[in-house]
2 protein chains.
Amino acid sequence: MATDWLSESEQHSWRNFIMTVHDLMAALEADLAPHGLTMGDYEVLVWLSEAEQNRMRMCDLAGALQLSPSGLTRRLDGMVKNGWVERASCESDRRVMWAHLTGSGLAKMKAVAPDHVASVRRHVLDPLGPEGVAQLGEIFGNIGARLHDAQPA
Amino acid sequence: MATDWLSESEQHSWRNFIMTVHDLMAALEADLAPHGLTMGDYEVLVWLSEAEQNRMRMCDLAGALQLSPSGLTRRLDGMVKNGWVERASCESDRRVMWAHLTGSGLAKMKAVAPDHVASVRRHVLDPLGPEGVAQLGEIFGNIGARLHDAQPA
DNA sequence: GGCGATTGCTTGCGGGTGCAACTAACCATA
DNA sequence: TATGGTTAGTTGCACCCGCAAGCAATCGCC
């Protein structure tokens, strides 16, 4: 039966996906490394730069980054040390810590973004073309929809 | 210019991909966890079970798993401790260590595979349908081809 | 045959992450 | 107001991983 194992073409697609994702992430990390940051750092910069007043609550940021609370604490430690982010306590709820993008962090973001965008273009968007990019979005939209349907139940 | 940043649709596709991959891997890991192994462990079982005489040289296995030599050493440590894999020295080249799948490891593989296959079907193949699966393979084939073209140069 | 270069694997070390436990603060209800 | 439950964030611990160093064995070339 087709349900007990994968057909040859299914297996080909699946393994292609699994192995290429690994290489792709490594390539993106490698392109970002000369700038002194990781993909994780970059995503912090992106989210904070797009946030109102360039700041987010730790818990919201952790959710956005798909990171555990402790994971975010440690990641921010590094970014604070680099001067890209500041912690600020919240007046209205003293449990909350704001992660606030500094001017230096915003400058870093603007300096690095073009390179990273070019990297994504080179490794992903250009090889796929507009049609492939649309398919990529649709495919992972479908997978994500199924995932989020099942989980919160 | 379109080359300095991503269009809205490009950004949508890209973020959808990045975030869903994270959730997808977490879901696959979670489905595998009750069996007492990780995706990494499972992949070792797959490669060794498909290998000639159920064994591979460490360096070849590391390449197959996209793992550094030290990473493989540690992963095998765990699998040896669980009795799924044995190390065996090679007669013809005494630098080489064979990673050899034990009977217990093969049994584990056969016991777990149907569940994992079902997990992949549920989270990926079913939501996409045959056409989507083919697109998935093509997309990452294209990305992978571009990656491997550039690197070895 | 011999010696430098290469290959295969392991170990030390540091970085990144999640889980569980903990503290602090907020909230809801009596 | 008092108390139990919830939420936000940090810290301790363990795990996984890659890099660099080290060691052993093999290969290549004189």
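Throughout, protein chains are lettered first and strands after them, A, B, ... in sequence-line order, and every chain is numbered starting at 1.
- Salt bridge annotation for B:Asp31-B:Arg122: present, with a cationic side-chain nitrogen under 4.0 angstrom from a carboxylate oxygen.
- Spacing between atom CZ of A:Arg94 and atom C1' of C:dT23 amounts to 14 Å, rounded to whole angstrom units.
- Between B:Asn82 and B:Lys108, every side-chain heavy-atom pair lies at or beyond the 4.5 Å cut-off.
- Atom CH2 of A:Trp98 is separated from atom P of D:dA8 by 12 Å (rounded to the nearest Å).
- For D:dG9, its base never sits under 3.5 Å from the side chain of A:Thr73 at any donor and acceptor pair.
- For B:Ser68 and D:dC19, a side-chain-to-base donor-acceptor distance below 3.5 Å is absent, hydrogens and geometry of angles not being considered.
- Here D:dT11 presents its P atom at 13 Å from CG of A:Leu72, a figure rounded to the nearest Å.
- Atom C1' of nucleotide D:dG9 and atom CE of A:Met56 are separated by 15 Å, given to the nearest angstrom.
- Note: CD (A:Glu43) to C1' (C:dG16) measures 14 Å, nearest angstrom.
- Atom CG in A:Leu67 sits roughly 13 Å away from atom P in D:dG9 (whole-Å rounding).
- Of all nucleotides listed (D:dA25, C:dT17, D:dA8), D:dA25 comes nearest to the side chain of B:Arg95.
- An OP1 or OP2 oxygen of D:dC17 is reached within less than 4.0 angstrom by a side-chain nitrogen or oxygen of B:Arg75.
- Both A:His22 and A:Met58 lie close to DNA chain D; mapped to their nearest nucleotides by heavy-atom distance, the more 5′-ward contact belongs to A:Met58.
- The aromatic rings of B:Phe140 and A:Phe17 sit perpendicular to each other, their planes meeting at more than 60°, with 30° as the lower class boundary.
- The separation between B:Asp77 atom CG and D:dC17 atom P is 12 Å, rounded to whole Å.
- Put simply, CE on B:Met97 is 10 Å from P on C:dT11, counting in whole angstrom units.
- The base of C:dG12 sits with one of its N or O atoms less than 3.5 Å from a complementary donor or acceptor on the side chain of B:Arg74.
- Heavy-atom minimum distance, A:Leu72 versus A:Ala62: CD2-N, 3.5 Å.
- Between A:Trp84 and A:Leu37, the closest side-chain pair of non-hydrogen atoms falls below 4.5 Å.
- On a pure distance criterion of 3.5 Å, a polar donor-acceptor pair joins the side chain of A:Ser70 and the base of C:dC19.
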